[in-house]
Amino acid sequence: MSMLTQGGERPLGWAERPARISPERKAQLKRLALSALTLLSMGSVLTALIALKTAIYVWHLHA
């Protein structure tokens with residue numbers, strides 16, 4: 001039997017199990033993920049602004 005198809009006939013037991021995480025914990029993790037995404041986005045915008053300011057400075061320096 002091929003390694004790819006071996007065990008494919010077994011049902012997926014994890015799909016029927018209820019979630020182990022509480023709704024409060026899920027909401028807390030969702031807030032944490034959203035804050036991390038916001039922080040990364042703000043960092044990206046700040047980096048882009050610094051790069052733009054540097055490019056304008058170099059452009060005026062050589063003009």
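Because the structure is a prediction, the values reported are computed rather than measured.
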With rounding to the nearest 0.5 Å, note down the distance linking [atom1] in [X] to [atom2] in [Y].
X     : Y     : atom1 : atom2 : answer
Leu40 : Thr47 : CG    : OG1   : 10.5 Å
Ser41 : Leu46 : OG    : CG    : 12.5 Å
Thr54 : Leu49 : OG1   : CG    : 10.5 Å

Residue pair Gln28, Arg31: steps toward the side-chain hydrogen bond (donor to acceptor under 3.5 Å, both in side chains) verdict:
CA-CA 5 Å; Gln28 183 183 16; Arg31 282 193 307 270; 5.7 Å; no

Pick one: which of Glu24, Arg20, Lys26 meets side chain to side chain contact (heavy atoms under 4.5 Å, CB included) with Ser22?
Glu24

